[in-house]
Amino acid sequence: ASKHRIRYINTPQPIEARFLLSTNLVTTNFVAVLPDDEFFIPSAIEGFIKRMNSDLSIDAIMGRTVRFTHKAGVVLGAVQYKSFRNPVDEKERGIQGVKNFWSEDGYVVNYPIYSIMRADVYKNLFGKVFSGKYENAYSYEIKLHLVFPYLYRSIVVDTLYWLRSNENDPVSINSFDRTKRFSSWFMDASKLAGREQFIDDVVNSLRADCLEQEKELIHKEIEAILVSYSNSDLAKVVNNSTSSIDKLSRFVRKFASARFRSFVISCLPKRALMHHGYELEKIEDVVEKMEKNSVLVDHGQINLIRQMITTFHRSR
């Protein structure tokens with residue numbers, strides 16, 4: 001029966017066109033975006049859907065995440081997105097909901113794009129987010145983080161639901177260059193016209209039917225949020241907040257494959273890796289520690305996925 005539930009569509013178009021296409025293809029009650037080399041935990045997703053069916057005020061749910069890779073027959077991992085949390089006054093919508101969603105340290109408190117989402121919410125949200133064409137690849141993600149909390153509510157729960165692959169590099173092409181930061185583009189004086197167009201598009205996505213005076217107020221609030229975020233993000237870059245290990249990884253990425261980068265990292269002493277915050281452990285040890293910290297873990301599914309990853313690499 002499972003073969004009838006899978007439909008593969010090859011559409012070699014820009015990413016915004018593919019996301020817009022997806023909004024016309026959804027026939028289920030819930031939607032999730034997942035790369036083809038990653039895993040959801042079925043029991044976790046089932047629990048999220050049950051909760052949304054019983055609480056209609058929740059538009060999207062995300063849980064906890066582990067990033068994984070494979071080395072010498074062993075699946076290794078580390079907790080990802082540790083800081084994800086619910087915003088203050090999480091039920092607040094409108095521009096105050098957006099301000100609550102963008103935390104004091106300059107960025108958002110979680111990523112709804114990685115959630116289990118109601119289908120009608122997905123269609124409306126992604127239709128708004130990907131209707132524009134922007135110079136910077138991260139503009140779509142930033143726009144989503146502005147539109148979602150204005151209109152909808154997402155929550156974070158302490159359940160492991162997603163294993164995110166660390167085995168392949170992010171895809172970056174000429175029309176979607178992920179090496180250029182949004183903050184650098186947004187604060188570039190030569191990009192002022194594009195910046196204003198972007199903010200106008202966000203405002204129109206939020207309140208296309210409101211009075212011009214109200215639009216101007218929302219425009220100023222959105223601009224202030226993005227200026228604060230951009231300044232904070234650029235300051236982190238200047239202050240070398242990125243770990244030495246991550247810098248080494250990015251440097252090697254320019255000249256070699258993900259496999260070679262993993263090899264370089266694996267050659268470094270464990271003590272050095274721990275010092276720079278890049279320690280990987282066996283995935284079963286990672287989830288056991290998460291469970292001790294009150295995160296719900298489906299060990300049966302984790303073992304099954306670990307075996308699938310190991311079998312895949314053995315067959316290569």
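Here the closest heavy-atom approach between residue S131 and residue K143 is recorded as OG-NZ, 4.0 Å. Nearest heavy-atom pair, V295 versus L160, reported as atom, atom and distance to 0.1 Å: CG1-N, 3.7 Å. Listed here is the closest heavy atom pair of S103 and R85: CB-NH2, 3.3 Å. Scanning all heavy atoms of the two residues, the minimum distance from A44 to T159 falls at CB-CG2, 3.7 Å. When all heavy atoms are compared, the tightest approach of I218 to Y150 is CD1-OH, 3.8 Å. The two residues S184 and L234 come nearest to each other via the heavy atoms OG-CD2, 3.5 Å.
There is no side-chain donor-acceptor pair under 3.5 Å between Y138 and S183. K191 and N136 share no side-chain donor-acceptor pair at under 3.5 Å. Looking only at atom types and distance, the side chain of N303 has no donor-acceptor partner in the side chain of Q307 under 3.5 Å away. Between the side chains of N110 and Y81, no donor-acceptor pair is found at a separation under 3.5 Å.
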**Prompt:** Yes or no on side-chain contact (heavy atoms from CB on, under 4.5 Å) for K180 and W185, after CA distance, side-chain angles and deciding distance?
**Reply:** CA-CA 8 Å; K180 297 179 181 177; W185 171 79; over 6 Å; no
**Request:** Test side-chain contact (heavy atoms from CB on, under 4.5 Å) on F186 and R195 and set out the steps.
**Result:** CA-CA 6 Å; F186 190 78; R195 164 175 160 166; 3.4 Å; yes
**Message:** Is there a side-chain contact (heavy atoms from CB on, under 4.5 Å) between I9 and R7? Walk through the geometry before answering.
**Reply:** CA-CA 6 Å; I9 299 173; R7 183 181 176 194; 3.9 Å; yes
**Request:** Assess whether side-chain contact (heavy atoms from CB on, under 4.5 Å) is satisfied between V75 and T310, documenting all intermediate values.
**Result:** CA-CA 7 Å; V75 179; T310 304; 3.7 Å; yes
**E284/H299 under side chain to side chain donor-acceptor pair (under 3.5 Å): CA gap, chis, key distance, verdict** = CA-CA 8 Å; E284 52 267 41; H299 289 279; over 6 Å; no
**Request:** Report the C-alpha distance between Y152 and Y122 in whole Å, list the side-chain angles of each, state the deciding distance to 0.1 Å, and finish with yes or no for ring-ring contact (aromatic ring centres under 6.0 Å, His included).
**Result:** CA-CA 10 Å; Y152 303 116; Y122 176 89; over 10 Å; no
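Considering only heavy atoms from C-beta on, R306 stays 4.5 Å or farther from I309 through its side chain. Residues F40 and L34 have side chains in contact (heavy-atom distance under 4.5 Å, counting atoms from C-beta outward). Looking at heavy atoms from C-beta onward, L146 lies in side-chain contact with I222 at the 4.5 angstrom threshold. In this structure the side chain of Y114 never reaches within 4.5 angstrom of the side chain of T65, judged on heavy atoms. Side-chain contact check for F198 versus V203: every heavy-atom pair is 4.5 Å or farther apart. Taking the side chain as every heavy atom from C-beta outward, V147 and L206 approach each other to under 4.5 Å. Counting heavy atoms from C-beta on, the side chains of D59 and M117 never come closer than 4.5 Å. In this structure, the side chains of L226 and W102 come closer than 4.5 Å at one or more pairs of heavy atoms.
The closest donor-acceptor contact from the side chain of S230 to the backbone of V227 lies at 3.5 Å or more, if one exists at all. Side chain of R164 to backbone of Q80: no donor-acceptor contact under 3.5 angstrom is found. Of the possible polar contacts, one joining the K128 side chain to the S205 backbone as a donor-acceptor pair under 3.5 Å is found. When atom types are taken as modelled, the side chain of K123 and the backbone of V26 share a donor-acceptor pair closer than 3.5 angstrom. In this structure a side-chain-to-backbone donor-acceptor pair under 3.5 Å is missing from S228 to A224. The backbone N or O of V88 sits less than 3.5 Å from a side-chain atom of N100, completing a donor-acceptor pair. Between the side chain of T11 and the backbone N or O of Q13, no donor-acceptor pair lies under 3.5 Å. The closest donor-acceptor contact from the side chain of R93 to the backbone of P149 lies under 3.5 Å.
The hydrophobic clustering, which links ILVMFWY residues whose side-chain heavy atoms are closer than 4.5 Å, places I45 and F68 apart. Connection of I61 to I113 is established within a shared hydrophobic cluster, with ILVMFWY side chains joined at heavy-atom distances below 4.5 Å, either directly or through further cluster members. Under the 4.5 Å side-chain contact rule for hydrophobic residues, V157 and M290 do not share a cluster. Hydrophobic cluster membership differs between V79 and L280, with clusters built from Ile, Leu, Val, Met, Phe, Trp and Tyr side chains linked at under 4.5 angstrom. Under the 4.5 Å side-chain heavy-atom criterion for ILVMFWY residues, a single connected hydrophobic cluster contains both I41 and M308.
Taking CG from D233 and OH from Y107, the interatomic distance works out to 8.5 Å, rounded to the nearest 0.5 Å. Note: D200 CG to H219 NE2 = 4.5 Å, rounded to the nearest 0.5 Å. Distance OG/S154 to CD1/I116: 12.5 Å, rounded to 0.5 Å. Between atom CD1 of residue I49 and atom CZ of residue R118 there is a gap of 10.0 Å, rounded to the nearest 0.5 Å. Atoms NE2 and CD1, on H145 and I225 in that order, are 13.0 Å from each other to the nearest 0.5 Å. Taking CG from D37 and CG from L163, the interatomic distance works out to 11.5 Å, rounded to the nearest 0.5 Å.
Applying the salt bridge (Lys or Arg N to Asp or Glu O under 4.0 Å) test to K82 and every residue at least two apart in sequence or in another chain returns nothing. Among residues two or more places apart in sequence or in another chain, the salt bridge (Lys or Arg N to Asp or Glu O under 4.0 Å) test is passed with D158 by R64.
Both tests do not hold together for R153 against F148: distance to the six-membered ring centre under 6.0 Å, angle to the ring axis within 45°.
Taking the six-membered ring for Trp and thresholds of 30 and 60 degrees, Y161 and F48 have ring planes inclined between 30 and 60 degrees apart. Taking the six-membered ring where tryptophan is involved, the planes of H70 and H313 are essentially parallel, since the angle between them stays under 30° and well short of 60°.
Aromatic pair F39/W162: ring centres not closer than 6.0 Å. The distance between the ring centers of F130 and F19 falls below 6.0 angstrom.
Between K50 and E46, at least one side-chain nitrogen of the basic residue sits less than 4.0 Å from a carboxylate oxygen of the acidic one, meeting the salt-bridge criterion. A salt bridge is absent between E92 and K99: the closest approach of a Lys/Arg side-chain nitrogen to an acidic carboxylate oxygen does not fall below 4.0 angstrom.
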